[in-house]
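Below you'll find the structure, written out as structure tokens, and then a few comments.
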Amino acid sequence: MSTIENAKKGCGWKHPNERASCRNCFHKQQESVAPGFCSPTTRCGKHGFYTKLYAICDDWKDIVGVRA
């Protein structure tokens, strides 16, 4: 392993897609792309508000089960 890989492993580094966020939350709901926009809108299915994909709350739940 390289020095960088060892450093990442040693500090528990995770890629942004692996971290807990609305992006990988069970409650996330993607809505269709609105006219004039290039990406779909994300809504919290549990609380009912619009959110950004990298946001996080205390009710986060992994799509495939709770991560340790």
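Values below: all heavy atoms of this structure, side chains included; hydrogens, waters and symmetry mates excluded.
Side-chain atoms of Asn24 come within 3.5 Å of backbone atoms of Arg19 as a donor-acceptor pair (strictly under, hydrogens ignored). Within the 3.5 Å criterion, the main-chain N or O of Tyr54 finds no donor-acceptor partner in the side chain of Arg23.
Expressed to the nearest 0.5 Å, how far SG of Cys57 lies from CG of Asp59 amounts to 4.5 Å. Of the inter-residue distances, the one linking Ser21 atom OG with Lys28 atom NZ reads 8.5 Å to the nearest 0.5 angstrom. If you take NZ on Lys8 and OG1 on Thr3, they are separated by 12.0 Å, rounding to the nearest 0.5 Å.
The two residues Cys22 and Lys52 come nearest to each other via the heavy atoms CB-O, 3.5 Å. Asp62 and Phe26 make their closest contact through O-CB, 3.8 Å (heavy atoms, listed as atom of the first residue, atom of the second, distance). Scanning all heavy atoms of the two residues, the minimum distance from Glu31 to Pro40 falls at O-CB, 2.9 Å.
Ring orientation note: the planes of His47 and Phe49 are close to parallel, at an angle under 30° on the 30°/60° scale.
Looking at Thr42 and Gln30, their side chains come closer than 4.5 Å, going by heavy atoms from C-beta outward.
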